[in-house]
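Convention: sequence-line order gives letters A, B, ...; per-chain numbering from 1.
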Amino acid sequence: MPPFADGLTKASPKGGNVFSLSSKKKRASEKEKPKPLKGILKKPAQQPPQNSPSAEEAKPLSNRERKRQERAKAWAAKIAEREAAEAAASPKKAAGEQMTDIEFLQRKRARQEAGSGGGNANQKKRRKEESFPLLDGAPAPRVFSPNSTSATESNDPGVNPMFLNKGKEKGATGNPGASQNSRADSARAAMPPPPKPVGPPQVHSAQLRRHALELEKSRQKLPIYPHADTLRQCLRDRHVLVMMGETGSGKSTQIGQFLVDEPWRAGRCIAITQPRKVAAVNLARRVAAEMGVRLGEEVGYNVRFDNRSSDKTIIKFLTDGMLLQEMLADPKLKRYSCVVVDEAHERTVGTDLVMGFLRKLVYGERRGSLKVVIMSATMEVKTMARFFEENRGEGVIIPGLMPEASKEESTPEAKEEESTPEFKEESVGSETRPTPPETDKKAKRKKKKKKKNKGGIDTMKLIRSPSPIPERIKTPEPTSAAGFEAERSGGKMFFPYFGTVALLIVPGRQYPVESLHAAAPVQDYIDISFRTVFQIHCTHPMPGDILVFLTGQDEIENLKKTILEHAAALTKEMPQMHVLPLYAALPFAQQNKVFLPAPQKNMRKVILCTNIAETSVTVPGVRYVVDCGKAKLKQFRPKLGLESLLVTPISQSSALQRRGRAGREGPGKCWHLYTEDAFNELAQVTKPEILRTDVSNAILILKARGHDDVVNFDYLSPPKLESLQKALEQLYSLGALGNDGKITPLGKKMAKLPLAPPLARVLLAAADKDMNCLPEVVDVVAALSVDNLLPPPPSEELREQMEEARQRFRRAEGDHIMLLELVRSFDSSGEKLKGWCEAHFVSHYAMKTFIDIRAQLRTYCSSLLSSTTWDSAAAETISPDLAERVLKAFLKGFFHQTARAGPEGRLGEYLTVLGHQNVNVHPASILFGKRKEAIVYHEYVFTTKPFARWCSAVQLDWVAEASPGWVKGEV
DNA sequence: TTGTGGTGT
């Protein structure tokens with residue numbers, strides 16, 4: 001008898017199951033459609049759902065289609081004209097001349113005559129230049145879109161493309177036959193095979209193309225596939241498309257392929273951004289395979305340390321961070337005709353900044369020549385659409401989606417202090433940051449205070465630095481008559497246009513997942529998780545793995561232990577349990593175990609994970625999810641200037657995401673360890689990262705890309721003024737900004753480095769003549785940039801052995817120089833990386849990352865310093881003098897993270913130089929238990945106590961020397 | 001005397 005059954009009854013006040021079966025059997029994509037609950041174990045009699053369209057008629061080339069093609073041609077000509085004008089005008093402009101209209105026309109005619117005839121010459125010419133065989137010739141054949149003539153016309157009255165799944169629910173809930181037998185499909189099947197590519201020598205092997213043809217079948221089954229035409233039409237009519245595509249809709253792989261042949265592409269690349277590297281790489285692989293091309297040629301990717309793209313690349317997947325980096329050299333993103341922002345709902349700082357830049361470009365410098373697609377989950381669609389509408393959605397109503405936009409904004413918010421008012425929906429649409437007199441007064445008070453305390457920095461002056469007047473241009477005339485028609489009819493006809501934004505909702509492919517909530521509030525969710533896991537295991541059939549969401553490594557390892565102890569007591573008839581932890585700090589080899597089937601036949605995987613499994617990792621085989629309702633989230637407290645990790649209740653979208661993990665391979669079930677009322681009280685969406693973190697890096701990114709007025713930048717969610725102020729202060733104190741708030745030459749160099757501003761400052765300081773320790777500092781900075789370089793001992797027995805192995809790196813100066821010793825020791829050992837790491841208890845994976853980062857930093861630095869030798873083996877030994885120079889360089893970036901010895905007799909205690917806060921040397925530091933005059937530390941963490949991690953001994957006069965004027969007084 | 005969610009340049 002398993003120990004849990006008894007516990008379960010006790011845990012419930014009513015003496016029943018802890019869980020009340022929710023009366024709703026929710027389908028992830030249609031929550032609003034309650035369905036009667038059938039028996040828990042009864043298998044639904046439905047097939048895997050596929051959201052396929054109802055029959056769509058394939059028409060011959062209709063008048064409308066012909067007109068559309070004409071419009072497309074006209075469009076291409078327009079872009080070509082614009083480019084011709086730009087190209088022609090620029091040399092003249094440089095010479096201070098103005099080109100006359102006549103000159104312009106002459107040039108234009110000359111260009112046209114140079115082409116092989118017709119008004120489409122420019123377009124043809126460009127196509128040839130691209131040498132993309134699949135696109136050669138006009139009209140461009142849609143090699144990969146055999147349904148291109150199918151009639152999913154967005155301007156077809158009676159169809160509501162905004163709700164593409166409406167009226168198709170039968171298909172959606174699992175009647176694939178309906179779609180497969182549709183006339184549209186047979187029409188597609190009857191189409192002639194794709195024409196063979198013509199043009200330059202065949203670089204694509206027949207094998208690649210054969211494989212692509214095989215993949216074509218599964219492409220056609222994707223829910224998004226039938227909507228290709230609607231999607232294309234949206235982007236012909238509007239420059240911005242906000243698309244809600246649910247999990248499994250195929251949006252990420254298909255969007256690029258749908259748009260390749262569009263005339264507005266004008267030979268330029270389509271960028272698709274991702275928040276994660278793996279996603280960018282895998283998507284590129286898949287799309288290259290589907291298109292039958294070699295990865296890195298027409299389809300490629302670009303992520304840190306790995307660039308597989310070329311001049312030929314027309315669909316490029318890249319991380320949002322990489323796009324931001326590209327924007328340093330190319331602020332207008334001239335090489336792209338279209339930027340697709342995928343997973344926009346995740347609201348990472350990178351994605352948010354990219355969206356801000358794109359909004360500015362699409363209504364400004366790139367008006368008419370840039371298409372923007374935002375792909376997001378349900379919850380954020382309104383936010384995104386309003387943000388991208390040229391007038392912030394003012395006076396525009398999204399039919400059916402936001403009928404009472406004003407009403408729902410009156411939801412009362414909870415706490416005043418901690419909740420960020422800017423985060424509420426309604427403020428998203430605000431045109432500029434509101435500056436009522438009250439705010440202004442407050443700000444002025446702050447300014448006075450700052451002046452008094454720190455002497456001399458006028459932070460408000462920094463904030464209020466040059467404020468370009470935002471350009472206001474009227475909504476462009478829609479190119480589609482139908483779009484115009486729809487707007488005029490005032491909501492009678494539903495067209496997917498929300499002012500200047502097109503809006504599309506594409507259904508996904510998810511199996512139904514049943515939601516269960518706790519009947520009463522849960523006190524100890526670890527204990528209840530444990531019971532629930534056994535309850536599921538004993539009452540639910542195999543196959544079906546269990547995924548348990550917890551908050552951290554510690555919880556996971558503890559629960560794993562408990563489960564294993566009790567799993568041993570399971571009877572032999574019961575399936576066995578295979579318990580696996582999953583969190584980011586776990587070595588890859590162990591992480592990968594979750595992808596493998598359980599080692600024995602009658603065995604169920606129980607995966608205990610952090611929110612890594614919410615987005616980053618998809619575990620196969622999962623049918624049951626346990627959601628504890630909490631997660632660790634970073635929080636920035638601007639008053640203290642500190643980031644900390646806090647266990648926080650998750651948001652509703654997060655809960656739905658977790659639940660969705662049960663429905664990837666079949667109908668599933670999710671146990672939420674909190675009441676339904678508690679769920680209803682959760683925030684709708686997770687607070688965007690930009691409101692939770694230190695924004696100094698983000699501000700430097702803005703400044704370096706020419707946005708001086710960082711307060712009035714187009715943020716989807718503007719950070720608190722306090723956070724901005726803190727960031728500006730930090731950048732100013734590091735010398736990245738001048739008194740006028742503008743970026744300094746030093747700041748520009750810092751922005752180019754892939755490092756947090758203080759570390760970037762350190763690196764640049766080391767290049768100074770008096771410091772002269774760049775190679776050493778590069779080593780230390782790179783070592784500090786990797787996580788878990790020195791993992792804790794795998795077992796207590798090995799602790800002594802570990803300490804002995806690491807003994808040779810010890811340096812009296814502290815952890816920074818210890819890291820340098822470690823790196824030197826590896827460099828001079830001549831051993832293979834893996835063996836060396838194992839012998840010294842250094843993380844192999846972290847060390848590989850270290851090597852990559854170091855190489856990248858060296859490349860950046862080579863331009864700073866011509867005569868630097870990077871040969872570590874030939875370098876001087878780490879003399880006390882060299883160590884001192886290294887630490888002094890660190891103080892240039894970390895003077896604000898220094899502390900002096902605390903009261904006598906308390907060894908590890910220090911008081912921060914700024915703010916006089918108590919900090920303790922972290923026990924993992926080699927300075928632990930040692931008393932020094934002062935320390936510089938790399939990181940402040942608050943766990944059981946405030947700790948300073950990665951500490952080194954410094955002298956107070958060094959601190960004073962390295963600090964800017966206003967800090968000196970504090971030392 | 002510790003051991004922090006997840007990303008990214």
How many whole angstroms separate atom CH2 of A:W950 from atom P of B:dT2?
17 Å

Roughly, in whole Å, what's the span from CZ in A:R347 to C1' in B:dG8?
17 Å

Touch class at under 4.0 angstrom, heavy-atom based, for A:V647 against every strand present
nothing

With respect to the side chain of A:Q325, which nucleotide from B:dT9, B:dT7, B:dT2 is positioned closest?
B:dT9

Using a cut-off of 4.0 Å on non-hydrogen atoms, how would the nucleic acid contact of A:T551 be classed: base, sugar-phosphate, or nothing?
sugar-phosphate

Rounded to the nearest Å, what distance is computed from the CE atom of residue A:M327 to the P atom of nucleotide B:dT9?
16 Å

Side-chain N or O of A:T319 closer than 4.0 Å to phosphate OP1/OP2 of B:dT9
yes

Output the rounded distance in Å from CZ (A:R858) to P (B:dT9).
20 Å

So, does the side chain of A:R799 form a donor-acceptor pair with the base of B:dT2 at under 3.5 Å?
yes

At 4.0 Å (heavy atoms only), tell me whether A:L755 reaches a base, stays on the sugar-phosphate, or touches nothing.
base

For A:F947 and B:dT1, give me the distance from atom CZ to atom C1', rounded to whole Å.
7 Å

When you get a sec, tell me which of B:dT2, B:dG5, B:dG6 is the closest nucleotide to the side chain of A:T944?
B:dT2

I want to confirm an ordering. Mapping A:A756 and A:Y583 to their closest nucleotides on DNA chain B, which one lands closer to the 5' end?
A:Y583

Spacing of A:Q856 atom CD relative to B:dG8 atom P, expressed in whole Å:
13 Å

Among B:dG5, B:dT1, B:dG8, find the nucleotide with the atom closest to the side chain of A:Q553.
B:dG5

Describe the nucleic acid contact of A:R276 in one word from base, sugar-phosphate, nothing, applying a heavy-atom distance below 4.0 Å.
sugar-phosphate

Counting the atoms with a prime plus P, OP1 and OP2 as sugar-phosphate, which does A:N697 contact under 4.0 Å by heavy atoms, base, sugar-phosphate, or nothing?
base

Reported CH2-to-CD1 distance for the pair A:W671 and A:I528, which is rounded to 0.5 angstrom
14.5 Å

d(CZ, A:R854; P, B:dT9) in whole Å:
20 Å

Using atom CD1 of A:I701 as one end and atom P of B:dT7 as the other, report the distance to the nearest whole Å.
19 Å

Against the side chain of A:K634, the closest entry in B:dT2, B:dT9, B:dG6 is B:dG6

Between A:E939 and A:F928, whichever has its closest DNA chain B nucleotide further toward 5' is A:F928

Let me see the working for A:S644 and A:R637 under side chain to side chain donor-acceptor pair (under 3.5 Å), right down to the final yes or no.
CA-CA 8 Å; A:S644 40; A:R637 283 172 293 175; 3.1 Å; yes

Looking across every strand, which nucleic acid part, if any, lies under 4.0 Å from A:P275 by heavy atom: base, sugar-phosphate, or nothing?
sugar-phosphate

Verdict with reasoning, A:K932 to A:Y910, per side chain to side chain donor-acceptor pair (under 3.5 Å):
CA-CA 9 Å; A:K932 301 284 175 188; A:Y910 291 79; over 6 Å; no

Side chain to side chain donor-acceptor pair (under 3.5 Å) between A:S654 and A:E614: does it pass, once the steps are laid out?
CA-CA 8 Å; A:S654 205; A:E614 227 178 271; 2.6 Å; yes

From the candidates B:dG8, B:dT7, B:dT2, the one with an atom nearest any side-chain atom of A:S616 is B:dT7

Does the pair A:K277 and A:M322 meet the rule for a side chain to side chain contact (heavy atoms under 4.5 Å, CB included), with working shown?
CA-CA 10 Å; A:K277 296 205 285 187; A:M322 201 45 108; over 6 Å; no

What verdict does the side chain to side chain contact (heavy atoms under 4.5 Å, CB included) test give for A:V281 and A:Q274, after you've listed the backbone C-alpha separation in whole Å, the side-chain angles of each residue and the deciding distance to 0.1 Å?
CA-CA 10 Å; A:V281 174; A:Q274 294 291 325; over 6 Å; no

Please classify the nucleic acid contact of A:G350 as base, sugar-phosphate, or nothing, using heavy-atom distances under 4.0 Å.
nothing

